[in-house]
Amino acid sequence: MHDIRAIRDDPAGFDAALARRGAAPVATEILALDAARRDKVTAAEAAQAARNAASKEIGAAKAAGDAAGFERLRALVAEKKAEIAALEAEAKAADARLTDLLMGLPNLPLADVPDGADEDDNVELRRWGRPRAFDFPPREHFEIAGVRPGMDFETAARLSGARFVVLSGAIARLHRALGQFMLDTHVAENGLTETWTPVLVREDAMLGTGQLPKFGEDSYQTREGWWLIPTAEVTLTNIVAGQMIDGGYLPRRYVAHSQCFRSEAGSAGKDTAGMLRQHQFEKVEMVSIVHPDDGRAELDRMTRCAEDILERLGLPYRTVVLCTGDMGFGARRTHDIEVWLPGQDRYREISSVSLCGDFQARRMNARFRPEGGGKPAFPHTLNGSGLAVGRCLIAVLENGQQADGSVSLPPVLAPWLGGRTRLTRDGALV
RNA sequence: GGAGGCGUGGCAGAGCGGUCGAAUGCACCGGUCUUGAAAACCGGCGUGGGUCCUGCCCACCGUGGGUUCGAAUCCCACCGCCUCCGCCA
């Protein structure tokens with residue numbers, strides 16, 4: 001959510017920043033609602049002050065035995081009371097309209113974010129590794145001989161429908177190894193705090209991080225009203241919701257390995273083969289809560305944490321900065337990391353790291369008290385995948401595949417695979 | 001699922017119809033003392049909003065209603081949390 005003062009101070013600048021994201025101007029409407037709200041608030045407060053003054057006199061009138069004065073003041077208070085109720089109702093209505101409007105507005109891009117309409121306008125920051133030269137046509141992950149016994153979409157369809165998978169044997173273990181490797185690496189090497197959270201959350205949590213109110217279609221909700229998290233960003237970030245954080249407690253850096261659930265509404269027909277796009281998947285997620293001065297540096301740090309995982313796995317990637325048209329709702333700047341998938345002959349998103357500024361902190365009412373005293377302020381929040389486990393599994397399989405249908409696995413995973421480093425063409429770990 | 005209890009400032013915790021924006025303690029920020037620190041003592045210290053802004057005003061004791069001249073205090077509803085019993089991984 002945006003700071004109404006910032007909009008008051010520079011409505012044109014606000015609209016201009018929104019326009020970079022392709023959003024229509026709203027500052028005029030916001031300021032009109034804000035002005036109406038303040039008019040009502042001011043009027044209501046004046047009436048309240050009058051009532052309070054009369055209330056005080058009542059005591060004196062009664063004590064003095066001034067029956068006439070008492071009745072007169074009593075009538076005045078009754079009159080003000082009705083007036084206050086009416087004005088407060090109007091102020092509240094204006095405030096609700098304003099909040100609804102503000103809660104539906106996306107965050108503003110930072111100045112250094114490139115303008116653009118869609119992913120084609122994203123700007124590459126760097127590349128790491130070189131895609132391997134194959135002396136045979138590389139297959140997609142679900143076509144590789146050694147993979148097929150352990151990746152069962154038919155059974156998953158019977159159980160759950162499209163966009164689900166049953167993993168078994170070596171593939172299930174490799175999948176588990178990847179998640180553990182990522183989590184252990186972030187904790188041991190990057191100083192993040194291992195966290196385990198619910199995957200069912202209240203509506204407030206979804207509002208806080210920005211999945212709601214606009215994107216309810218993308219997530220699942222239970223009969224009891226809980227939402228299934230589409231990412232652990234929701235729970236990790238909302239850890240500080242409603243809190244007053246001691247300034248010395250920042251930065252907070254969390255990491256969690258969780259199930260994620262997405263309805264993929266609007267993705268019909270996209271990535272239907274294989275396990276690239278599933279309704280349920282695993283992700284290792286990083287979240288940082290930092291001092292406002294440290295947000296930009298933290299974005300780079302977090303991006304490096306994610307890139308580091310791919311480098312340890314020996315998977316070629318490129319890092320792009322999303323253009324204004326491709327950024328998510330709550331982001332001010334986003335770095336996507338795309339891993340090379342030989343089977344698709346292209347880079348595909350495997351991580352997205354975003355700096356949200358105080359946008360989510362305002363929605364969550366998460367504040368910190370600066371060290372050395374001072375007014376409470378909003379911290380800045382960041383979130384990033386480190387990494388999407390299912391997609392990483394795909395990348396490991398496709399990049400390591402051999403002509404005979406076996407797969408060479410990254411040596412770094414051996415400790416989580418009982419020392420094994422290869423998947424045979426029959427689907428065994430050796 | 002059944003029964004009961006509780007929601008007050010950063011935290012703990014009083015208050016139970018007016019003198020309460022709210023005692024007290026802790027934490028925090030000054031200051032005295034000290035070579036320095038601690039202790040002790042003195043002072044300060046909630047949040048948000050409005051405004052004709054070196055000030056003044058308004059609101060806020062989970063949320064929303066109600067009773068009353070007047071509500072943190074009484075009543076109702078809702079939300080949340082806790083405890084016990086049942087069930088259960």
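Sequence lines set the chain letters: A, B, ... in the order given, protein chains first and strands last, and positions in each chain run from 1. All values derive from a computational prediction rather than experimental measurement. These values consider heavy atoms only, across backbone and side chains, with no hydrogens, waters or symmetry-generated copies.
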**Request:** Calculate the interatomic distance between A:E83 atom CD and B:C58 atom P; express it in whole Å.
**Result:** 15 Å

**Item:** Between P of B:C29 and CG of A:D246, the distance in whole Å
**Value:** 10 Å

**Request:** With a 3.5 angstrom cut-off on both distances, give the Watson-Crick or G-U wobble partner of B:A3, or none if there isn't one.
**Result:** B:U83

**Complete:** The glycosidic conformation of B:U54, counting syn as within 90° of 0 and anti otherwise, is syn

**A:F359 and A:F329 aromatic centres sub-6.0 Å** = yes

**Complete:** Heavy-atom closest pair (A:E233 atom, A:T237 atom, distance to 0.1 Å) is O-OG1, 2.6 Å

**Prompt:** C1' atom, B:A71 versus B:C75: distance in rounded Å?
**Reply:** 11 Å

**Request:** Can you tell me the distance, in whole Å, between the CG atom of A:D95 and the P atom of B:U63?
**Result:** 15 Å

**Asked** Do the rings of A:H279 and A:F164 sit parallel, tilted or perpendicular, given the 30° and 60° boundaries?
**Response** tilted

**Asked** What are the two closest non-hydrogen atoms of A:V240 and A:I289, and how far apart are they?
**Response** CG2-CD1, 4.0 Å

**Prompt:** Taking atom P in both B:G21 and B:C78, what distance in whole Å separates the two?
**Reply:** 31 Å

**Fill in**
Partner of A:P109 under side-chain contact (heavy atoms from CB on, under 4.5 Å), picked from A:R333, A:R332, A:R21, is A:R21

**Asked** Given A:D271, which of A:R277, A:R163, A:R391 fulfils the salt bridge (Lys or Arg N to Asp or Glu O under 4.0 Å) condition?
**Response** A:R277

**Prompt:** Considering only the P atoms, how many Å lie between B:C76 and B:C26, rounded to the nearest integer?
**Reply:** 39 Å

**Request:** Using Watson-Crick or G-U wobble geometry with both distances below 3.5 Å, tell me the partner of B:C41, or none.
**Result:** B:G31

**Message:** Counting only heavy atoms not in A:R51 (residues, nucleotides, ligands), do more than 12 fall under 6.0 Å from its CZ?
**Reply:** yes

**Message:** Measuring only the P atom in each nucleotide, how far is B:G62 from B:G13? A whole number of Å is fine.
**Reply:** 15 Å

**Spacing of the P atoms in B:G15 and B:G65 (rounded, Å)** = 28 Å

**Prompt:** In whole angstrom, what separates A:M244's CE from B:G46's P?
**Reply:** 12 Å

**Request:** Identify the nucleotide, in any strand shown, that forms a Watson-Crick or G-U wobble pair with B:U47, with both distances under 3.5 Å; if there is none, say none.
**Result:** B:A59

**Inter-residue atom distance A:F281.CZ - A:K283.NZ, 0.5 Å rounding** = 6.0 Å

**Request:** Return yes if a side-chain donor-acceptor contact under 3.5 Å exists between A:Y254 and A:E285, otherwise no.
**Result:** no

**Complete:** As its Watson-Crick or G-U partner within any shown strand, both distances under 3.5 Å, B:C52 has none

**Prompt:** Within the structure shown, what part of the strands sits under 4.0 Å from A:K92 by heavy-atom distance: base, sugar-phosphate, or nothing?
**Reply:** sugar-phosphate

**Message:** Roughly how many Å apart are B:U63 and B:A38, using the P atom of each and rounding to a whole number?
**Reply:** 39 Å

**Request:** Return the nucleotide paired to B:C26: Watson-Crick means purine N1 to pyrimidine N3 with N6-O4 or O6-N4, wobble means G-U with N1-O2 and O6-N3, both under 3.5 Å.
**Result:** B:G10

**Request:** Answer yes or no: does atom NZ of A:K80 have more than 12 heavy-atom neighbours from other residues, nucleotides or ligands under 6.0 Å?
**Result:** yes

**Prompt:** Which heavy atom of A:R20 sits nearest a heavy atom of A:P114, and at what distance?
**Reply:** NH2-C, 4.2 Å

**Item:** P atoms of B:U51 and B:G1, separation to the nearest Å
**Value:** 49 Å

**Fill in**
A:K40 NZ to B:C58 C1', in whole Å, measures 17 Å

**Message:** Between B:A22 and B:C45, how many Å separate the two C1' atoms, rounded to a whole number?
**Reply:** 15 Å

**Request:** Kindly state which residues belonging to residues 197-214 of chain A come within less than 4.0 angstrom of RNA chain B, counting heavy atoms of the residue only, listed by number.
**Result:** A:R202

**Asked** How does each nucleotide of nucleotides 48-53 of chain B score, in 5' to 3' order, for protein heavy atoms under 4.0 Å: base (B), sugar-phosphate only (S), or none (-)?
**Response** SBSS--

**Request:** Could you let me know what B:U67 is paired to, Watson-Crick or G-U wobble, both distances under 3.5 Å, or none if it's on its own?
**Result:** none

**Prompt:** Is any side-chain nitrogen or oxygen of A:R51 closer than 4.0 Å to OP1 or OP2 of B:A59?
**Reply:** yes

**Message:** Expressed as a whole number of angstroms, how long is the span from A:E88:CD to B:C58:P?
**Reply:** 13 Å

